[in-house]
There are 2 protein chains.
Amino acid sequence: MGNSDPEKSAADRFLADDSLREAAATGIIGYRLRRAQLNVFQRFLTVFETLQLRPAEYSVLVLIADNPGRKQTEIAAALGIKRANFVTLAHELEARGLIERRPARDDKRANALHMTADGTAFLNHARTLHEAMEQDLVTQLGGPQARDRFVDMLERLS
Amino acid sequence: MGNSDPEKSAADRFLADDSLREAAATGIIGYRLRRAQLNVFQRFLTVFETLQLRPAEYSVLVLIADNPGRKQTEIAAALGIKRANFVTLAHELEARGLIERRPARDDKRANALHMTADGTAFLNHARTLHEAMEQDLVTQLGGPQARDRFVDMLERLS
DNA sequence: TGCATTTAGTTATATAGAATAACATTGTTA
DNA sequence: TAACAATGTTATTCTATATAACTAAATGCA
């Protein structure tokens with residue numbers, strides 16, 4: 001039983017008709033921005049597939065490693081993740097043995113987040129993969145200077 | 001009965017701790033790309049709130065107006081929307097009287113998509129709003145040249 | 001101090017976007 | 001003509017994100 005109705009990739013059809021292509025993208029910054037973002041995220045998913053790590057999870061690990069002992073709410077807020085949604089995320093990372101949620105010293109309600117030894121090793125590996133991907137992106141953008149200009153413009157839109 | 005648990009905006013907490021802020025964004029193109037995209041889309045939603053028009057719907061209308069008579073699948077594919085998901089989208093736009101789905105001459109299976117007179121008028125209004133928004137973005141980016149460089153870099157990532 | 005308000009974490013739930021599978025109808029091609 | 005492919009469709013799933021409501025604890029203030 002094979003795939004009875006395989007979708008062609010969007011790009012296949014996209015390139016099949018240039019007049020449509022032009023019409024779709026002309027003068028729409030938001031549209032191109034979204035396309036680029038989806039593309040970069042897709043690349044991320046591919047690169048991190050073997051690690052079973054999604055973008056949000058990676059950024060959470062980076063933030064905890066660089067800011068050990070912070071409370072859930074702080075990490076969540078810094079990444080623009082709602083407290084409620086962060087709960088599941090943190091629980092999964094804890095269940096995988098990558099992070100620990102210790103009772104905070106100064107606040108009995110709060111959990112202080114820390115990396116485990118396994119988590120640190122795992123993140124180091126992930127960081128290597130990420131840096132390689134990032135390097136690819138820089139190359140595509142046209143070098144470090146272009147990257148800096150690009151990131152600057154992204155910030156201007158935020 | 002007021003909002004018993006109002007969330008602070010992400011930015012409020014974000015700015016409350018610069019060390020976290022720096023850690024979150026350092027060296028992560030994908031992260032900043034996503035932030036910028038969400039921000040621009042949020043602006044779109046605000047601008048188009050009175051029209052009750054979402055980004056995908058706007059791009060569909062633009063594409064149909066610029067390519068009248070195309071089949072559903074063509075429009076959907078050009079925008080990277082799955083056939084299946086496009087059905088609801090097209091039905092809603094038709095229900096609002098903005099587009100028509102006429103039987104295609106050369107293919108009894110297919111629907112050829114056309115704007116209605118109302119749809120054209122509606123889209124003209126939407127285009128005005130969009131152009132104003134686009135102009136704001138260009139200003140934020142630092143002018144037309146910066147916009148061109150920016151869009152070029154977005155294309156490089158796609 | 002005592003009481004109202006706020007905050008941290010949590011659970012449950014809702015909504016939107018995007019993806020897959022399967023199907024009828026029609027078109028294409030070997 | 002018989003196999004295959006494409007179009008539109010429905011149903012379903014998955015993921016991300018958002019909201020409401022609750023508890024326990026902390027904070028503020030009169």
Side-chain angles (χ1 to χ4, degrees), chain A residues 1-10 12-13 16 34-35 37-39 41-42 44-45 52-60 69-94 99 101-113, chain B residues 1-10 12-13 16 34-35 37-39 41-42 44-45 52-57 59-60 69-77 79-94 99 101-113:
Chain A
M1 235 76 77
N3 231 343
S4 71
D5 186 9
E7 294 282 342
K8 282 181 184 171
S9 82
D12 286 350
R13 293 172 184 269
R34 177 155 173 276
R35 286 257 153 238
Q37 189 257 307
L38 287 176
N39 203 289
F41 259 56
Q42 190 50 55
F44 188 105
L45 291 179
Q52 285 290 305
L53 200 66
R54 281 163 298 182
E57 293 166 336
Y58 176 70
S59 58
V60 166
R70 295 296 190 133
K71 293 164 191 167
Q72 286 191 193
T73 298
E74 291 178 304
I75 301 292
L79 292 169
I81 301 173
K82 298 270 177 238
R83 273 176 8 268
N85 295 327
F86 192 82
V87 171
T88 319
L89 231 168
H91 279 207
E92 281 170 5
L93 293 176
E94 188 177 42
I99 68 170
R101 298 181 308 145
R102 305 184 194 149
R105 293 223 177 85
D106 56 325
D107 192 333
K108 291 180 186 170
R109 299 168 301 176
N111 296 327
L113 301 181
Chain B
M1 236 72 79
N3 231 341
S4 70
D5 186 8
E7 294 281 342
K8 281 183 185 171
S9 81
D12 286 348
R13 293 172 184 268
R34 178 156 172 276
R35 286 259 153 235
Q37 189 257 307
L38 287 177
N39 202 290
F41 260 55
Q42 190 50 55
F44 188 104
L45 291 179
Q52 286 291 305
L53 199 65
R54 280 162 297 181
E57 293 167 335
S59 58
V60 167
R70 295 297 190 133
K71 294 167 191 163
Q72 285 191 194
T73 299
E74 291 179 303
I75 301 291
L79 293 170
I81 301 172
K82 298 273 177 232
R83 272 179 4 274
N85 295 328
F86 191 81
V87 172
T88 319
L89 232 168
H91 279 207
E92 282 171 4
L93 293 176
E94 189 177 42
I99 67 170
R101 298 182 308 145
R102 305 185 194 149
R105 293 223 177 87
D106 56 325
D107 191 336
K108 290 181 188 170
R109 300 168 300 177
N111 296 328
L113 302 180

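Just so it is clear, the structure is predicted and the values come from calculations on it, not from any experiment. Chain letters run A, B, ... following the sequence lines, proteins first and then strands; every chain starts at 1.
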**Item:** side chain to side chain donor-acceptor pair (under 3.5 Å) partners of A:Asp107, counting only residues at least two apart
**Value:**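 For A:Asp107, the residues satisfying side chain to side chain donor-acceptor pair (under 3.5 Å) (neighbours in sequence not counted) are A:Arg109.
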**Message:** Can you list everything that forms a side chain to side chain donor-acceptor pair (under 3.5 Å) with B:Gln72? Sequence neighbours excluded, please.
**Reply:**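 Checked B:Gln72 against side chain to side chain donor-acceptor pair (under 3.5 Å); matches are B:Arg101, B:Asn111.
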Could you tell me the separation between the [atom1] atom of [X] and the [atom2] atom of [N], rounded to a whole number of Å?
| X | N | atom1 | atom2 | result |
| --- | --- | --- | --- | --- |
| B:Arg83 | D:dA11 | CZ | C1' | 14 Å |
| A:Glu92 | D:dT15 | CD | C1' | 11 Å |
| A:Glu57 | D:dT15 | CD | P | 11 Å |
| A:Leu113 | C:dT10 | CG | P | 9 Å |
| A:Gln72 | C:dT7 | CD | P | 17 Å |
| A:Tyr58 | D:dA16 | OH | P | 18 Å |
| A:Lys82 | D:dT15 | NZ | C1' | 17 Å |
| B:Arg102 | D:dG8 | CZ | C1' | 18 Å |

**Item:** Nearest-0.5 Å distance, OG1 of residue A:Thr88 to CD1 of residue A:Ile81
**Value:**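 Reported to 0.5 Å precision, the distance equals 10.5 Å.
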**For the student: nearest non-hydrogen atoms of B:Leu89 and B:Ala56, plus distance** =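 So the two residues come closest at CD1-CB, 4.3 Å.
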**Request:** Specify the closest pair of heavy atoms between A:Ala90 and A:Ile99, including all atoms of both residues, with the distance to one decimal.
**Result:**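 The answer is O-CD1, 3.6 Å.
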**Message:** Between B:Lys71 and B:Glu74 (salt bridge meaning N to carboxylate O under 4.0 Å), is one present in this structure?
**Reply:**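 Answer for the salt bridge query: no.
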**salt bridge (Lys or Arg N to Asp or Glu O under 4.0 Å) involving B:Arg102 - partner list, sequence neighbours excluded** =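 So B:Arg102 forms a salt bridge (Lys or Arg N to Asp or Glu O under 4.0 Å) with B:Glu100.
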**Message:** Let's see if you can work this out: which of D:dT9, D:dG8, D:dT19 has an atom nearest to the side-chain heavy atoms of A:Ala84?
**Reply:**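 Among D:dT9, D:dG8, D:dT19, the one nearest the side chain of A:Ala84 is D:dT19.
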**Message:** If you only use heavy atoms from C-beta on, which nucleotide in D:dT7, C:dG9, D:dT9 is closest to the side chain of B:Arg101?
**Reply:**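 The closest nucleotide is D:dT9.
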Write down the protein N/O and nucleotide N/O pairs, taken from nucleotides 13-17 of chain C, whose separation is under 3.5 Å; answer none if there are no such pairs.
residue	atom	partner	partner atom	Å
C:dG17	OP2	B:Arg54	NH1	3.0

Restricting both atoms to N or O, compile the protein contacts to nucleotides 27-30 of chain C shorter than 3.5 Å, with distance only.
residue	atom	partner	partner atom	Å
C:dG27	OP1	B:Lys108	N	2.8

**Message:** Any side-chain N or O of A:His91 below 4.0 angstrom from OP1/OP2 of C:dT10?
**Reply:**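 The answer is yes; a side-chain N or O of A:His91 sits under 4.0 Å from OP1 or OP2.
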**Distance test, side-chain N/O of A:Thr73 to OP1/OP2 of C:dT7, below 4.0 Å** =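 No, A:Thr73 has no side-chain N/O under 4.0 Å of OP1/OP2 on C:dT7.
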**Asked** What pairs with B:Phe86 under ring-ring contact (aromatic ring centres under 6.0 Å, His included), at least two apart in sequence or on another chain?
**Response**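 For B:Phe86, no residue satisfies ring-ring contact (aromatic ring centres under 6.0 Å, His included) once neighbours in sequence are set aside.
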**Prompt:** So, the side chain of A:Arg83 versus the backbone of A:Ala77: is there a donor-acceptor pair under 3.5 Å, distance only?
**Reply:**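 Judged by distance alone, no pair lies under 3.5 Å.
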